[in-house]
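Reviewing the structure listed below.
Nothing here was measured: the structure is a model prediction, and the numbers come from that model. Computed over heavy atoms, backbone and side chain alike; hydrogens, waters and symmetry mates excluded. In the text below, chain A, chain B and the rest are named by the order of the sequence lines, each starting its count at 1.
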Amino acid sequence: MASVDIVNVKKSFDRAEILRGVSVAIEDGEFVVLVGPSGCGKSTLLRMIAGLESVTGGEIRIGGDVVNDLQPRDRDIAMVFQNYALYPHMTVADNMAFSLKLRGVARPEIDARVKRAAEILGLTGYLARKPRHLSGGQRQRVAMGRAIVRDPRVFLFDEPLSNLDAKLRVAMRSEIKDLHQRLKTTMIYVTHDQIEAMTMADRIVVMREGAVEQIGGPLELYDAPSNLFVAGFIGSPAMNMLKGRLETGARTGFSAENGIFVPLPANAAPDGLVGRPLVLGIRPEHLRIAHEPSNGFEVVARIVEPTGSETQVTATAKGAEIISLFRERQAIRQGDAFSLEPILGHLFDATSGDRLATISI
Amino acid sequence: MKKNVVHEILFYLVVIFISLMVLFPFLWMLSSSFKTQTDIIAWPPKLLFTPTLQNYEKVFGEQDFLKYFINSTVVGGLAVGLSLVLGLPAAYSISRFTQRRLALFILLARLMPGISFLMPWYIIFSRLDLMDTYVALVLSHMLIALPIVVWIMSAYFNSIPVELEESAMVDGATRQYAFWAIILPMSGPGIITSVTLSFIFSWNNFMFSQVLSMEKTKTLPIAVYNFVSYAEVDWGGVMAAAVAIMAPAIVLTMIFQKFVVKGLTMGAVKG
Amino acid sequence: MRQPSFVERHLRVIFPLPAILFIALLMIFPIFYTLALSFTNWNLTSGMPMSFVGLRNFFRVFAEPRFHDAVWRTLSFTFLAVFFEAVLGTAIALILNRAFIGKGLAKLLLLLPLVATPVAVGIVFNLFYDPTIGLANWALSSLGLPQGLWVSDATSVLPSLVIVDVWQWTPMITLIVLAGLAGLSEEPFEAARVDGATPWQVLRHVTIPMVMPVILTAVILRLIDALKTFDIIFAMTGGGPGYASETLNIMGFKYSFEYFRMGQASVILIALFFFVLLCSLGIMKLRSSSEN
Ligand SMILES: Nc1ncnc2c1ncn2[C@@H]1O[C@H](COP(=O)(O)OP(=O)(O)OP(=O)(O)O)[C@@H](O)[C@H]1O
Ligand SMILES: [Mg+2]
């Protein structure tokens with residue numbers, strides 16, 4: 001078990017700068033998820049921690065020791081790859097035993113550890129099989145088993161679930177989480193699926209184009225996204241965004257460029273922001289039906305999707321698409337006109353994207 | 001419906017015709033090898049005849065065919081074996097470190113006319129007193145086998161996900177050990193392809209052995225060629241010799257058909 | 001903490017190094033040796049010391065009609081053989097590119113000429129071509145055609161050799177094109193059929209353009225090998241009758257190992273080398289253009 005410190009790490013391939021100074025301090029025993037759109041450099045960062053890519057600049061420390069120049073085998077880490085990278089010519093047991101053999105662990109000890117890992121992962125009946133005779137989920141477990149027999153200081157996962165079907169993915173998600181509770185080893189987990197990130201992480205690192213956008217707990221990112229990118233990336237369905245300005249005076253509210261006017265209580269609008277170009281972000285579940293139409297803005301329902309537990313309504317207002325999500329059953333049907341009012345919204349600077357204020361009504 | 005049937009019959013006739021064209025020289029060779037000299041020079045050519053084994057008896061009895069057979073096998077085997085030793089790491093390096101120029105360099109050995117190195121070899125091997133030795137022959141045949149091994153194996157390694165070595169390296173292996181313990185054991189199909197093809201090409205090689213070998217290390221193609229020169233008119237014996245030399249390559253091809261096709265076509269077809 | 005070992009740090013050099021050294025020693029060095037010899041008057045048998053003669057070998061060989069004929073013959077043999085191989089090979093591949101009973105067997109048969117020992121193939125064809133007992137003349141006469149002398153006659157020897165090469169190597173093109181056809185995706189064909197194209201139009205406007213790169217690569221590979229054809233010519237005619245089937249490769253061989261005129265032989269080899277290089281550049285160009 002160990003902490004992992006990533007200090008101003010940079011990476012270039014040829015001339016292209018892929019990581020532009022990334023810093024993350026990961027505590028011992030933490031489950032940290034790196035998340036971000038495709039090509040943002042998550043895998044590259046993870047592979048640098050593993051020692052599979054060289055470090056162009058900055059420092060990586062595991063358990064306090066700088067590992068920049070260490071070979072992967074000397075870092076005492078285990079990694080689970082997206083395609084599992086199982087050795088096709090070895091049985092499940094041999095796959096799991098491989099690293100222990102390399103380390104010169106005694107045979108009885110190897111057998112015991114493999115047996116224990118197999119029990120944890122429910123692979124006991126499959127130890128003598130070759131990987132090609134396993135299902136996708138079982139292969140995924142073998143890949144995990146190979147990592148846990150090692151008892152490494154840090155686990156690294158690169159999108160380990162993305163080759164599984166949706167149902168299995170959900171099941172494995174909780175299994176990995178469960179494993180972490182049990183082993184309490186530091187885990188760094190890469191995904192581009194924000195639901196995976198939200199459900200599994202102690203802390204999430206949101207990356208974009210080789211830089212960290214925000215680091216924080218799942219709910220922290222959700223409740224207080226530090227900028228437009230994080231606000232849009234975290235949460236599903238995504239946050240509604242309206243460009244415009246705050247108005248006070250004759251009426252108080254947010255006047256969007258497309259003509260929507262979102263009324264706000266007089267005391268809710270922060271003074272310093274009036275008149276500046278802003279973006280108002282409202283999560284779908286922070287919209288509710290305004291019984292007093294003057295308290296809200298008018299929309300027309302286009303798609304109504306009830307799932308039983310909640311109802312998602314996609315509506316249009318002056319050409320903009322507004323998504324709202326209701327816990328209670330709603331009698332809205334396609335084509336209905338109704339008014340929506342926000343109960344919580346975020347204000348972002350339109351140019352920098354930084355969050356300036358959160359208003360709660 | 002009727003048109004379809006006619007179409008099908010026509011198609012199969014064409015296929016049979018093509019097959020016969022391909023097969024005919026083999027069949028004629030085989031049947032002639034069982035004919036007496038009288039039957040062979042009969043006019044018109046005889047399709048029905050009493051088969052005889054005398055040609056084979058002559059080839060294997062009078063001619064020292066077994067020795068040449070062993071020579072060919074030893075030279076081919078050693079050349080292919082050593083080419084694997086040199087070629088597998090080189091192919092791995094080309095594949096994993098994307099060394100395009102190295103690939104071209106080795107491909108050059110496949111493209112250049114053999115005779116342009118043969119003459120200097122002849123001079124050098126004479127000076128070193130290596131003429132008519134296995135050393136000279138094996139070295140020369142390695143120049144046939146090595147490019148085939150590298151060519152086929154680098155493409156094969158490309159098809160193995162690099163995560164396999166990376167995983168082994170994270171698990172505690174050096175890169176060279178991962179190559180040895182992970183990559184090589186799962187490269188069976190590629191190795192079979194390159195071994196089969198390079199062995200056949202070495203087996204069939206005529207020019208290098210013709211110049212570099214004499215009585216002691218003579219390989220089969222030279223023996224067959226000499227057999228013609230000595231026995232200009234003994235067609236039966238010559239055909240028996242031709243059957244004997246082709247049989248091993250053909251048997252290998254039948255056993256490893258899929259691999260041979262892959263090896264022969266992968267140069268032109270990507271992936 | 002352990003430092004990576006020397007081997008590990010230099011793996012990308014150490015792994016290919018033995019192969020590079022081997023090829024440098026057995027191929028690159030000899031090629032330069034050949035080049036150097038072309039500027040000397042060395043004759044292996046005369047016992048005279050080697051002396052530098054400048055470009056005299058080049059002038060002498062280039063002035064020889066025998067050399068001109070060999071160049072012309074090499075090129076015509078190559079182009080004739082590869083032309084028929086390309087046309088026949090592609091046609092057969094297009095015919096066989098469907099499911100049918102015995103397809104596996106047909107493909108196995110196609111492999112056989114490719115692995116047959118060329119020297120032995122040459123000898124079998126010599127029996128075919130034998131003017132008095134050969135099947136070739138028997139076939140001609142049963143069709144009521146005049147008999148030929150085949151490889152024994154200066155005018156017919158080259159076409160006769162081309163037939164052997166075509167028999168042996170057409171399957172190579174067929175197999176390559178078949179593999180290429182198998183790798184094509186279905187959609188363009190379905191799209192063309194939906195668009196109302198006749199089978200013939202599909203062939204002309206979809207199939208052939210799509211496998212063209214594969215055909216071209218196969219043709220260039222064949223061109224390179226056909227330029228170097230040695231075994232069947234040497235075994236069947238030895239370059240004869242007279243010099244009537246003497247290609248550059250055969251001529252170079254004779255100058256080297258029959259007349260031992262190493263200097264002049266080198267010039268001939270350089271000429272052959274030049275043509276091969278030209279085709280090789282073609283293949284590399286094709287390869288890099290298909291990569292982009
Ligand atoms: N070996 C390499 N050489 C050059 N560029 C590379 C290399 N590896 C990655 N890149 C580039 O670095 C960028 C980041 O790649 P990376 O694989 O880290 O993305 P990612 O965030 O993991 O994306 P994904 O979610 O698609 O896996 C990409 O633009 C990629 O093209
Ligand atoms: Mg990735």
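Both the backbone and the side chain of C:Asn137 come within contact range of chain B, judged by heavy atoms closer than 4.5 Å. Only the side chain of C:Leu269 comes within contact range of chain B, with heavy atoms under 4.5 Å apart. Only the side chain of B:Tyr92 has a heavy atom closer than 4.5 Å to any heavy atom of chain C. C:Leu21 does not touch chain B: none of its heavy atoms, backbone or side chain, sits under 4.5 Å away. For a residue to count as touching a neighbouring chain, one of its non-hydrogen atoms must lie under 4.5 Å from one of that chain's; by this rule B:Ser83 does not touch chain C. Contacts between B:Met21 and chain C at a heavy-atom distance below 4.5 Å involve the backbone alone (N, CA, C, O). For B:Ile106, the parts lying near chain C are the backbone and the side chain together; criterion is any non-hydrogen pair under 4.5 Å. In this structure, the portion of B:Met239 lying under 4.5 Å from any heavy atom of chain C is its side chain and not its backbone. The parts of C:Val124 that come within reach of chain B are both its backbone and its side chain, each placing non-hydrogen atoms under 4.5 angstrom from that chain. Of the two parts of C:Leu26, the backbone and the side chain both hold a non-hydrogen atom closer than 4.5 Å to a non-hydrogen atom of chain B. The parts of C:Trp138 that come within reach of chain B are both its backbone and its side chain, each placing non-hydrogen atoms under 4.5 angstrom from that chain. Residue contact with chain B, scored on non-hydrogen atoms closer than 4.5 Å, involves the side chain of C:Phe230 exclusively. Neither the backbone nor the side chain of C:Val211 comes within contact range of chain B; no heavy atom of the residue lies under 4.5 Å from a heavy atom of that chain. Contact annotation for B:Val14: only side-chain heavy atoms (C-beta onward) come within less than 4.5 Å of a heavy atom of chain C. The part of B:Val211 that comes within reach of chain C is its side chain, from C-beta onward, which places non-hydrogen atoms under 4.5 angstrom from that chain. Using a 4.5 Å cut-off between heavy atoms, C:Ser142 makes no contact with chain B at all. Interface residue B:Leu102: only side-chain heavy atoms are found under 4.5 Å from chain C. Looking at C:Val119, only its side chain comes within 4.5 Å of chain B, counting heavy atoms on both sides. Heavy atoms closer than 4.5 Å to chain C are found in both the backbone and the side chain of B:Ile245. The part of B:Ile18 that comes within reach of chain C is its side chain, from C-beta onward, which places non-hydrogen atoms under 4.5 angstrom from that chain. For B:Leu118, the parts lying near chain C are the backbone and the side chain together; criterion is any non-hydrogen pair under 4.5 Å. With a 4.5 Å cut-off on non-hydrogen atoms, C:Asn126 touches chain B through its backbone and its side chain both. Of the atoms belonging to B:Arg96, not a single heavy atom falls under 4.5 Å from chain C.
In terms of heavy-atom pairs under 4.5 Å with chain B, the best-connected choice from C:Ala116, C:Gly104, C:Gly183, C:Pro171 is C:Ala116. Between chain B and the options C:Thr132, C:Leu108, C:Leu35, C:Asn249, heavy-atom pairs under 4.5 Å are most frequent for C:Leu108. Interface remark: of the candidates B:Phe117, B:Phe179, B:Trp203, B:Phe117 forms the most heavy-atom pairs closer than 4.5 Å to chain C. By number of non-hydrogen pairs under 4.5 angstrom with chain C, the leading residue of B:Leu108, B:Ile94, B:Val85, B:Val150 is B:Leu108. Listed options C:Gln168, C:Lys103, C:Arg12 were ranked by heavy-atom pairs under 4.5 angstrom with chain B; first place goes to C:Arg12. When each of B:Leu111, B:Leu220, B:Ile200 is scored by its heavy-atom pairs under 4.5 Å with chain C, the top score falls to B:Leu111. Looking only at heavy-atom pairs under 4.5 Å with chain B, the residue among C:Pro113, C:Gly102, C:Ala24 that has the most is C:Pro113. Heavy-atom pairs under 4.5 Å with chain B were tallied for C:Leu112, C:Ile20, C:Ile123; the largest tally goes to C:Ile123. The candidate from B:Leu197, B:Leu139, B:Val260, B:Val224 with the greatest count of non-hydrogen atom pairs under 4.5 Å with chain C is B:Leu139. Among the candidates B:Ala249, B:Pro147, B:Ser116, B:Pro221, the residue making the largest number of heavy-atom pairs closer than 4.5 Å to chain C is B:Ser116. Between chain C and the residues B:Pro25, B:Ser32, B:Ala242, the most heavy-atom pairs under 4.5 angstrom are made by B:Pro25. Counting heavy-atom pairs closer than 4.5 Å to chain B, the top residue among C:Tyr33, C:Trp167, C:Phe234 is C:Trp167.
Here the shortest heavy-atom pairing between B:Pro113 and C:Leu272 reads CB-CD2, 3.7 Å. C:Pro30 approaches B:Pro120 most closely through the heavy-atom pair O-CG, 3.2 Å. B:Ala109 approaches C:Met27 most closely through the heavy-atom pair CA-SD, 3.2 Å. Shown here for B:Gln257 and C:Lys107, the closest heavy-atom pair between the two residues is NE2-C, 3.9 Å.
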Derivation and outcome, side chain to side chain contact (heavy atoms under 4.5 Å, CB included), residues C:Val121 and B:Met246: CA-CA 9 Å; C:Val121 168; B:Met246 285 189 196; 3.7 Å; yes
Residues B:Leu252, C:Val115; criterion side chain to side chain contact (heavy atoms under 4.5 Å, CB included); working and verdict: CA-CA 9 Å; B:Leu252 269 183; C:Val115 299; over 6 Å; no
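Atoms CZ and CE, on C:Phe260 and B:Met119 in that order, are 11.5 Å from each other to the nearest 0.5 Å. One distance of note links CE of B:Met207 with NZ of C:Lys228; it measures 9.0 Å at 0.5 Å rounding. In this structure, CG on B:Asn205 lies 10.5 Å from OG1 on C:Thr117, to the nearest 0.5 angstrom. Separation of atoms CG (C:Leu96) and OG (B:Ser19) is listed at 8.0 Å; rounding is to 0.5 Å. Separation of atoms CD1 (C:Ile28) and CE (B:Met112) is listed at 8.5 Å; rounding is to 0.5 Å. Interatomic distance, CG of B:Leu146 versus CD1 of C:Ile23, reported as 4.5 Å (0.5 Å rounding).
The shortest distance between side-chain heavy atoms of B:Met254 and C:Leu111 does not fall below 4.5 Å. Counting heavy atoms from C-beta on, the side chains of C:Phe22 and B:Leu82 never come closer than 4.5 Å.
For the pair B:Arg175 and C:Phe15, the cation-pi criterion (under 6.0 Å, within 45° of the ring axis) is not fulfilled.
Proximity of a side-chain donor or acceptor of B:Tyr12 to a complementary backbone N or O of C:Ile101 within less than 3.5 Å is detected. Between the side chain of B:Asn204 and the backbone N or O of C:Pro118, no donor-acceptor pair lies under 3.5 Å.
For B:Phe97, the CZ atom counts as densely surrounded, since its 6.0 Å shell holds more than 12 non-hydrogen atoms of other residues, nucleotides or ligands. Other residues, nucleotides and ligands place no more than 12 heavy atoms under 6.0 Å from the CZ atom of B:Arg101.
Annotation: B:Trp121 is not in aromatic contact with C:Phe257 [ring centroid separation under 6.0 Å not met].
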